[in-house]
Amino acid sequence: MKYSEKNPPLVCMQTQSSCYKGTGKMRIKGVLWHDTGANNPNLKRYVQPSDDAPDRAEWLERLGKNPYNNDWNHVTRKAGMNCWIGKLADGTVTTVQTMPWDYRPWGCGSGRKGSCNNGWIQFEICEDNKNDTSYFEKIYTEACELTAYLCKQFHIDPLGTADCGGVTIPTILCHQDSYKLGLGSNHSDIYDWFKRYGKDMETVRRDVARLLEEDETKEPEKDENPVQNQPAPTHPDPIQPIPNQPAPTQLDEKTIWNTLSSFIRNDCGVAGLMGNFYAESGLKSINLQTTGNKALGMTDEEYTAAVDNGAYTHFADDRHGYGLAQWTYPSRKEALLAFARGRSISVGDCAMQLAFIKQELGSKLLAALRNASSVREASNTVMLQYERPKDQSVEAQERRASFSQRFYDQYHKTVFFRVRKSWNDKASQLGAFHVFQYAKNCADAHPGYAVFDEAGEQVYPEAQ
């Protein structure tokens with residue numbers, strides 16, 4: 001990533017602003033994006049050093065002087081941000097921090113349910129005329145880099161949620177999002193600008209998550225100690241090891257296909273998942289990322305056993321990909337481990353991981369896979385919305401889709417979902433459908449009817 005503890009953003013504290021002088025501290029929960037809504041991409045319009053700043057002359061040279069003195073470093077301006085993104089005097093696009101990160105900004109205002117000002121670091125992006133593609137790409141990249149840095153610094157899950165006054169909201173959002181959630185004033189930023197370039201806060205969250213995963217999986221610097229040489233944590237592992245843990249089971253391709261088919265019910269969707277898992281792990285549920293093998297000096301089997309018996313307590317935070325989906329992000333690895341421990345089974349057990357995948361997909365992704373009309377569509381859905389690998393190029397998409405197509409060609413068979421009052425009441429059948437969603441729609445339109453698979457099992461509504 002661009003920013004790190006050793007290389008933080010530029011800092012020019014606006015200590016004369018009303019917000020800096022009058023705000024309080026907050027517990028950081030997320031990051032909120034703004035844009036200025038004015039055709040002026042220059043930071044000097046909004047950011048100027050304080051009169052008593054020891055490096056004032058240096059900052060005026062770097063930023064340029066605002067000749068109108070209408071910047072935000074004044075007590076008369078009743079607003080304030082933690083930082084700004086825009087152009088320096090030399091045209092460089094960068095970030096300048098203007099308040100401590102834990103200072104409560106005066107940014108998004110309030111709505112009927114409260115305000116995201118309490119808990120969300122906020123920054124403004126200096127808008128231009130909205131027609132300069134080059135400038136947009138630079139500020140978008142900069143904003144994602146900054147957000148990834150803040151997420152890492154303050155342990156924010158970019159794909160997660162947080163509580164704001166009793167309302168559960170995304171950890172990363174924009175001013176317009178806060179308004180729609182009843183937690184901010186009515187502003188259109190950032191959608192009025194970003195949607196011109198095919199971007200929204202969903203793409204932001206995915207791109208920030210990708211930056212974090214890239215950072216987590218990179219090779220350690222030469223002066224960094226490998227994980228096994230780091231001191232043990234000062235707190236005990238909250239999840240106790242499983243005594244006499246049996247070895248994890250590894251399922252064959254056909255069994256994995258059938259297991260996924262049992263809840264996806266669409267061969268295109270099943271193939272899309274399997275192709276991606278093959279690209280990630282070779283469908284090996286105890287697969288430890290190669291960099292992890294090297295850093296820890298453990299084989300896949302040794303790592304799995306050490307996690308299971310409690311000898312290794314850094315599973316969640318060691319930042320090494322593991323398992324069918326190569327889970328890497330700490331919160332996801334922690335959830336996987338808890339899922340396994342809750343079932344008294346190895347973290348490397350293949351059947352357990354498939355059950356965890358069903359839970360982790362959630363209703364939105366599961367629906368997308370159930371409704372996918374082609375293998376490529378399903379493969380891209382898994383790649384771009386679930387796995388989010390570092391390389392998301394067209395070539396990488398085609399490679400994963402080719403794996404998915406191979407599984408589809410090998411295991412696909414024509415199936416029908418039948419809509420009846422009961423499996424044995426053949427005369428009540430309204431239709432037989434290849435696509436599960438079509439069968440589901442038919443059942444929804446006819447109360448008292450259900451969807452049955454070819455074995456006669458009721459698959460919708462799920463039998464109690």
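To the nearest 0.5 angstrom, C442 atom SG is 11.5 Å from Y460 atom OH. The CG atom of L366 sits 13.5 Å away from the NZ atom of K364 when rounded to the nearest 0.5 Å. A distance of 13.0 Å separates OH in Y3 from CD in Q153, rounded to the nearest 0.5 Å. A distance of 3.5 Å separates NE2 of H412 from OH of Y408, quoted to the nearest 0.5 Å. Note that CG of L150 and SG of C83 are 6.5 Å apart. Values are rounded to the nearest 0.5 Å. Between atom CD of residue Q405 and atom CZ of residue R376 there is a gap of 11.0 Å, rounded to the nearest 0.5 Å.
For the pair R196 and Y140, the cation does not sit on the ring face, since its NZ or CZ is not both under 6.0 Å from the ring centre and inside 45° of the axis. In this structure, R406 forms a cation-pi arrangement with Y278, its terminal cationic atom sitting closer than 6.0 Å to the ring centre and no more than 45° off the ring axis.
For S185 (side chain) and C108 (main-chain N/O), a donor-acceptor pair under 3.5 Å exists by modelled atom type. With hydrogens and angles ignored, the 3.5 Å screen pairs a side-chain donor or acceptor of D300 with a backbone N or O of L288. Panel note: side chain N117, backbone G107; a donor-acceptor pair is recorded below 3.5 Å. Formation of a donor-acceptor pair under 3.5 Å by the T171 side chain with backbone atoms of D157 is found in this model. No donor-acceptor pair closer than 3.5 Å links the side chain of Q122 to the backbone N or O of P105. For N118 (side chain) and C164 (main-chain N/O), no donor-acceptor pair under 3.5 Å exists by modelled atom type. Of the possible polar contacts, none joining the N287 side chain to the L283 backbone as a donor-acceptor pair under 3.5 Å is found. Remark: side-chain polar atoms of T249 are not paired, donor with acceptor, to backbone N or O of D349 under 3.5 angstrom. With E387 contributing its side chain and L384 its backbone, the two residues share no donor-acceptor pair below 3.5 Å. The backbone N or O of A427 lies less than 3.5 Å from no partner atom in the side chain of K421, so there is not a single donor-acceptor pair.
Under the 30°/60° scheme for interplanar angles, the aromatic rings of H175 and H34 are found to stand perpendicular. The aromatic rings of W423 and F452 are tilted relative to each other, their planes meeting at an angle between 30° and 60°. Ring planes of Y197 and F136: parallel class, angle under 30° (limits at 30 and 60°).
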Residues D425, S422; criterion side chain to side chain donor-acceptor pair (under 3.5 Å); working and verdict: CA-CA 5 Å; D425 188 358; S422 69; 4.8 Å; no
Verdict with supporting geometry, V419 and H446, side-chain contact (heavy atoms from CB on, under 4.5 Å): CA-CA 9 Å; V419 180; H446 297 84; 6.0 Å; no
Verdict with supporting geometry, M352 and L336, side-chain contact (heavy atoms from CB on, under 4.5 Å): CA-CA 9 Å; M352 178 279 298; L336 173 66; 4.0 Å; yes
Worked check of side-chain contact (heavy atoms from CB on, under 4.5 Å) between M201 and F194: CA-CA 9 Å; M201 294 311 295; F194 278 45; 5.8 Å; no
Verdict with supporting geometry, S285 and Q250, side chain to side chain donor-acceptor pair (under 3.5 Å): CA-CA 7 Å; S285 60; Q250 174 63 56; 2.9 Å; yes
Side chain to side chain donor-acceptor pair (under 3.5 Å) between S393 and D391, intermediate numbers included: CA-CA 6 Å; S393 65; D391 183 1; 2.8 Å; yes
CA sep, side-chain torsions, deciding dist, call: E280, R400, salt bridge (charged side-chain N to carboxylate O under 4.0 Å, His left out): CA-CA 10 Å; E280 293 285 340; R400 292 190 179 221; 2.9 Å; yes
Evaluation steps, side-chain contact (heavy atoms from CB on, under 4.5 Å), between M81 and F123: CA-CA 5 Å; M81 295 289 168; F123 61 83; 5.5 Å; no
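Side-chain contact between L324 and C350: present, with at least one pair of heavy atoms (C-beta onward) separated by less than 4.5 Å. Contact check for D102 versus F154: no side-chain heavy atoms found under the 4.5 Å cut-off. Between T147 and P158, the closest side-chain pair of non-hydrogen atoms is not below 4.5 Å. Counting only heavy atoms from C-beta outward, the side chains of E145 and M1 approach each other to under 4.5 Å. Contact check for E142 versus T95: side-chain heavy atoms found under the 4.5 Å cut-off. For the pair W33/C144, a side-chain contact is recorded, criterion being any heavy-atom separation below 4.5 Å from C-beta on. When side chains are defined from C-beta on, K440 does not count as touching R370, because their heavy atoms never get closer than 4.5 Å. Put simply, the side chain of F417 does not reach to within 4.5 Å of the side chain of N266, judged on heavy atoms.
No more than 12 heavy atoms of other residues, nucleotides or ligands sit less than 6.0 Å from atom NZ of K426. Under a cut-off of 6.0 angstrom, the local environment of NZ in K138 is sparse, with at most 12 non-hydrogen atoms contributed by other residues, nucleotides or ligands.
Of the N and O atoms on the side chains of Q410 and W257, not one donor lies less than 3.5 Å from an acceptor on the other residue.
Taking the six-membered ring for Trp and the full ring otherwise, F315 and Y322 have centroids separated by under 6.0 Å.
Of all non-hydrogen atoms in S404 and V375, the two that sit nearest each other are CB-CG1, 3.5 Å. The heavy-atom pair separating R319 from T328 by the smallest distance is O-CG2, 3.9 Å. Between Y329 and I156, the shortest heavy-atom contact is OH-O, 3.0 Å. For W193 against I125, the heavy-atom pair with the smallest separation is CZ3-CG2, 3.8 Å. The two atoms that bring M274 and I256 nearest to each other are CE-CG2, 4.1 Å, heavy atoms only. In terms of heavy-atom proximity, Y303 sits nearest to D318 at OH-OD2, 2.6 Å.
Salt-bridge check for E395 with R399: failed, with every basic side-chain N at 4.0 Å or more from each acidic carboxylate O. A salt bridge links R205 to E202: at least one charged side-chain nitrogen sits closer than 4.0 Å to a carboxylate oxygen. Between E213 and R206, none of the side-chain N atoms (NZ, or NE/NH1/NH2) sits under 4.0 Å from a carboxylate O, so this pair counts as no salt bridge.
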